[in-house]
Amino acid sequence: MNIRDKIKYNILGKLLARKGEHVSGEELAHELAISRAAVWKHIQALRAEGYMIESSTNIGYSLASTPDLLTPAAVKAGLKTQIIGRDIQYFKETKSTNIIAREIAGSVEEGTVVIAESQTGGRGRMGRKWISPEGGIWLSIIIKPKIQPLYASRITLLAGVSVAKTVRSYGLPAKIKWPNDVLINGKKVCGILTEIEAEIDLIDFCVVGIGIDANVDTESFPEEIRETSTSLKKELGSEINRVEFVQRLLGEFESLYLKFQKDGFSPILEEWRNMSATIGEWVKITTQARTIYGEAIGVDSEGALVLETGEGKLEKIVAGNCEHLRRP
Ligand code: BTN
């Protein structure tokens, strides 16, 4: 995010904090160390984005209404976290928030979040594309947990739990398909792509990319995923307030992350198991090397799926694509 946008959303933050009141141009100019003419230009730019800002010569600017945009100022106003989201990098459109997050991760604080209104090259798991139109929630969280790369899948599972809990807070019956697709009534509403950079024995950083079909029309999706996808809008019958959703999600993610650091992975795994849509299902697992069929009977302490592939024979799957099948 460039410096001009940073100042613009700083002004918005100040207007949001005093919604209903007037804030003088002089005060804004003084606090941000810019001229009053520059303040005016930023106000014009915010108006062009859909923020209704009233102005009167002597008393200043007052925010009358806000559009449904995930701007840093809007997300931060009312955000209850300490670490996650303390810095938010925002893009109207970008290739992929995961790509941006990986580029900046080395030089930003843990908890920085990259958000885009739309992505032109959204990335899914196993090299797939991720369709990311306006109305969805496309974000990447940068964290720097002091864990070995071997344990990175714990973060992925933790992220799945945070999304499922957030979706459930809207009264929707969210479940998690291994490893971390969030489903509502069997249809996918969210995908998670975790990427790490690491030395042999320690993670440098971890980028948790979360894509949620919030206010999108899945009818416009390509045929191959149309039937298996859903959106929050479709399930709820009306659009959701995406700013509020992101605030709840970052809050859930942070509390699970702090719990993970304090009490270890078992409480998170327990929550994951309780929300699992996969345990007890007949599944087809496709990995780079092979395809395996079996009954999913559990998830081990590392998050690997435990399959019974026949006559009491057990197999552990660390990574792969999972499809739920009809029981033979
Ligand atoms: C999946 O294949 O299920 C994972 C999809 C992950 C999509 C999200 S959207 C935000 C972040 N940026 C990306 O390019 N991908 C992830």
Side-chain angles (χ1 to χ4, degrees), residues 1 70 75 84-85 88-105 108 112-143 152-153 155-164 166-167 174-184 186-197 205-216 218 221-222 224-232 242 245-246 249-250 253 272 276-278 283 285-288 303 305 319-324:
M1 195 163 60
L70 299 171
V75 173
I84 308 297
I88 296 176
Q89 304 268 328
Y90 174 74
F91 298 85
K92 270 290 176 50
E93 181 179 279
T94 190
K95 194 165 179 211
S96 151
T97 55
N98 265 36
I99 294 179
I100 302 274
R102 291 187 69 143
E103 280 168 10
I104 63 171
V108 297
T112 298
V113 176
V114 182
I115 303 182
E117 297 292 346
S118 66
Q119 300 184 118
T120 51
R123 297 168 51 203
R125 290 177 62 236
M126 309 187 83
R128 285 186 288 241
K129 280 192 195 143
W130 183 259
I131 299 167
S132 325
E134 280 179 19
I137 295 172
W138 324 120
L139 60 83
S140 302
I141 303 172
I142 299 168
I143 49 169
S153 57
I155 300 295
T156 305
L157 267 59
L158 182 156
V161 173
S162 73
V163 176
T166 308
V167 173
K175 291 198 165 194
I176 311 171
K177 178 162 83 84
W178 184 86
N180 54 8
D181 285 352
V182 177
L183 312 179
I184 303 173
K187 296 193 172 186
K188 180 163 170 171
V189 73
C190 164
I192 298 170
L193 175 66
T194 307
E195 299 184 275
I196 60 163
E197 194 119 319
F205 62 78
C206 184
V207 167
V208 185
I210 303 178
I212 299 159
D213 293 320
N215 297 334
V216 301
T218 46
F221 281 7
E224 62 272 22
I225 56 167
R226 200 179 305 150
E227 289 308 310
T228 53
S229 313
T230 191
S231 68
L232 295 175
R242 292 182 310 139
F245 188 96
V246 171
L249 172 62
L250 300 184
F253 187 93
W272 191 95
S276 168
T278 301
V283 297
I285 305 290
T286 321
T287 70
Q288 306 276 17
L305 188 67
N321 187 50
C322 170
E323 278 173 67
H324 293 174

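Just follow the structure's listing: the first ligand is 1, and inside any ligand the first atom is 1.
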Just to confirm my output: which protein heavy-atom neighbour is closest to [atom], and how far is it?
{"atom": "atom 5 (C) of ligand 1", "answer": "W130 CE3, 3.3 Å"}
{"atom": "atom 2 (O) of ligand 1", "answer": "R125 N, 2.7 Å"}
{"atom": "atom 15 (N) of ligand 1", "answer": "R123 O, 2.7 Å"}

Rounded to the nearest 0.5 Å, how far apart are [atom1] of [X] and [atom2] of [Y]?
{"X": "I176", "Y": "L157", "atom1": "CD1", "atom2": "CG", "result": "7.0 Å"}
{"X": "S229", "Y": "I131", "atom1": "OG", "atom2": "CD1", "result": "8.0 Å"}
{"X": "K92", "Y": "L70", "atom1": "NZ", "atom2": "CG", "result": "11.0 Å"}

Can you name the atoms of ligand 1, numbered from 1 with element, that are less than 4.0 Å from a heavy atom of [X]?
{"X": "G211", "value": "8 (C), 9 (S)"}
{"X": "G122", "value": "14 (O)"}
{"X": "T97", "value": "10 (C), 11 (C), 12 (N)"}
{"X": "I210", "value": "8 (C), 9 (S), 10 (C)"}
{"X": "D181", "value": "3 (O)"}

May I ask you to check whether K188 has an N/O atom sitting below 3.5 Å from an N/O atom of ligand 1?
->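 Between K188 and ligand 1, an N or O pair is found under 3.5 Å apart.
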
Quick check: does R128 get an N/O under 3.5 Å from an N/O on ligand 1?
->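 No; every N/O pair is 3.5 Å or more apart.
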
Count the heavy atoms belonging to other residues, nucleotides or ligands that lie under 6.0 Å from CD of Q288, then report whether that count exceeds 12.
->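 Result for CD/Q288: open.
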
S132 to ligand 1, any heavy atom closer than 4.0 Å =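 S132 does not count as a contact of ligand 1 under the 4.0 Å cut-off.
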
Is it true that K95 lies under 4.0 Å from ligand 1, counting heavy atoms only?
->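 K95 does not count as a contact of ligand 1 under the 4.0 Å cut-off.
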
Is a side-chain donor or acceptor of [X] paired with a backbone partner of [Y] at a separation under 3.5 angstrom?
{"X": "W178", "Y": "G320", "result": "no"}
{"X": "K187", "Y": "E227", "result": "yes"}
{"X": "D213", "Y": "T218", "result": "no"}

For ligand 1, does Q119 get within less than 4.0 Å through its side chain, its backbone, both, or neither, judged by non-hydrogen atoms?
->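 Side chain only; the backbone of Q119 stays clear of ligand 1.
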
Among K177, K175, H324, the one residue meeting side-chain hydrogen bond (donor to acceptor under 3.5 Å, both in side chains) with T278 |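 It is H324, the one option of K177, K175, H324 that forms the side-chain hydrogen bond (donor to acceptor under 3.5 Å, both in side chains) with T278.
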
Determine the minimum heavy-atom distance between S231 and A214, stating which atoms define it.
->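 What the structure gives for the nearest pair is CB-O, 3.5 Å.
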
